[in-house]
Amino acid sequence: MRVFKFGGASVKSSEAVKNVAVVLRGQSKEPLLVVISAMGKITNKLEALVDAYFYDKPTKKDIYKEVKDFHNQIVSNLIDNEYDYYQVDNLLVELECIIEKKRDVTASYDEEYDRIVPFGELLSTKIVSTYLNKIGYVNRWIDARNFVITTNKHRAAKVLWDESVPLIQNSLKPLVKRQTIITQGFIGRSLQHKNTTLGREGSDYSAAIFAFALDAESVTIWKDVAGVMNGDPKRFDDAVLIPKLSFNEAIELAYYGASIIHPKTIQPLKSKHIPLYVKSFLNPKAEGTEVLENENLTLNETECYIVKENQSVITIATEDFSFIVEDNLEIIFNAFNTVGIQLNLMQNSAISFMACFNQDDKKAEKLGELLGDNFTVKIANGHTLMTIFNYSENSSKLDSIVDENKVVLEQKSNRALQLVFK
Ligand code: ASP
Ligand code: MG
């Protein structure tokens with residue numbers, strides 16, 4: 001049994017949904033488990049809706065209407081039967097009921113987020129499943145919340161494997177043997193019976209969770225690019241496809257911020273030796289990338305470019321110019337940990353500590369407050385972090401992209417060169 005995952009871009013319009021059907025029909029008759037994300041950029045819209053709902057902003061109704069119109073537009077091109085149409089409409093009505101009711105003031109922002117944002121995945125899967133059944137591609141819609149059981153850490157829920165795996169094995173596996181299953185990525189349920197989500201872009205991870213529990217033969221992630229490339233093709237027009245990659249290399253690339261595969265996805269697959277394919281839904285017959293367990297397999301000489309924008313650079317110095325040593329570092333790391341900032345790169349010199357992280361003004365302000373008593377803290381926004389993985393000394397990209405005068409941080413390890421510049 002194989003697991004497929006289709007992301008937002010693969011279902012962003014009625015034409016895109018029709019293409020998913022083409023991809024699925026091009027496969028062998030053997031049933032699949034298909035995990036699907038919210039359509040297009042709907043998760044961002046739903047995040048805006050949560051914000052408007054939580055803070056009771058006047059934009060609430062308009063945002064809801066945008067979500068509704070977007071889905072209805074797609075539905076009108078795919079579904080003609082009234083009964084099917086109401087299946088989708090019921091979800092929209094349910095969402096409307098939630099946002100129109102007075103808010104339960106005891107519920108946290110993150111809890112409300114998890115109540116509202118999963119509608120993106122519920123709607124997309126309902127629409128795709130219904131359309132596929134209509135055109136004769138028989139499948140069954142399943143609610144992932146019955147199988148992916150998580151902690152109640154809303155918006156960043158952790159999978160409870162001991163609860164989820166038996167449910168998937170005992171109740172879902174027999175169903176997948178009979179017919180293709182369509183289900184949601186990204187969402188789960190806590191032991192308190194509340195919706196949870198696994199973190200943005202979490203649908204790849206969902207596919208890996210199902211694959212792990214089902215002992216799937218493989219996972220295929222369908223993308224709008226040819227596979228894993230050595231750089232974002234939208235940024236580097238000479239980007240090339242990486243045909244084979246080991247799990248370790250994939251983890252390393254993800255660590256440096258390559259967004260092609262959600263980092264948590266690899267672990268469950270690696271532990272069960274389940275190969276991962278990344279393929280193009282626009283060219284489904286093409287090979288794409290194969291990520292597999294193989295210690296020896298390397299990227300060889302292929303340089304990979306990973307660019308992260310909107311980086312904040314923090315410079316922390318002691319007020320008396322004494323050295324930054326262990327006790328200072330302990331305070332500094334504790335502060336980062338307390339406010340929940342992850343460091344993308346750090347460097348310690350005699351009298352200052354520098355690091356860069358994804359810009360987040362609220363967290364940065366809290367950090368400044370925590371460190372302000374002991375240190376002089378400066379934070380500068382608008383930087384870019386570029387990582388060249390497998391770099392060579394005469395890398396052609398260096399000169400063309402980075403102006404040496406603007407580099408504020410630089411670090412080399414045996415395989416990666418990282419530069420932060422303005
Ligand atoms: N729809 C969710 C998001 O956009 C999950 C995903 O796409 O993987 O973050
Ligand atoms: Mg998405």
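In each ligand, atom 1 is the first atom listed, and ligand 1 is the first ligand listed. For the numbers below, each heavy atom of this structure counts, side chains included, while hydrogens, waters and symmetry mates do not. Computed from a predicted structure; not experimentally measured.
Polar contact with ligand 1: absent for Asp204 (N/O pair, distance under 3.5 Å). The shortest N or O to N or O distance between Gly202 and ligand 1 is under 3.5 Å.
Near Arg200, meaning under 4.0 Å from one of its heavy atoms, ligand 1 places the atoms 3 (C), 4 (O), 9 (O).
A distance-only check finds no donor-acceptor pair linking the side chain of Glu290 to the backbone of Leu245 [under 3.5 Å].
Contact analysis leaves Gly185 out of contact with ligand 1, as no non-hydrogen atom separation drops below 4.0 angstrom. Proximity of Glu121 to ligand 1 is established by a heavy-atom distance of less than 4.0 Å.
For the residue pair Asn358/Asn310, the side-chain donor-acceptor check at 3.5 Å is not satisfied.
Under the side-chain hydrogen bond (donor to acceptor under 3.5 Å, both in side chains) criterion, Asn72 pairs with no residue at all, not counting sequence neighbours. Take Glu94 and apply the salt bridge (Lys or Arg N to Asp or Glu O under 4.0 Å) test, not counting sequence neighbours, and it matches no residue.
Classification of Arg115 and Glu112 as a salt-bridged pair holds, one side-chain N sitting under 4.0 Å from a carboxylate O.
Residue Ser203 touches ligand 1 through backbone and side chain together, judged by heavy-atom distances below 4.0 Å.
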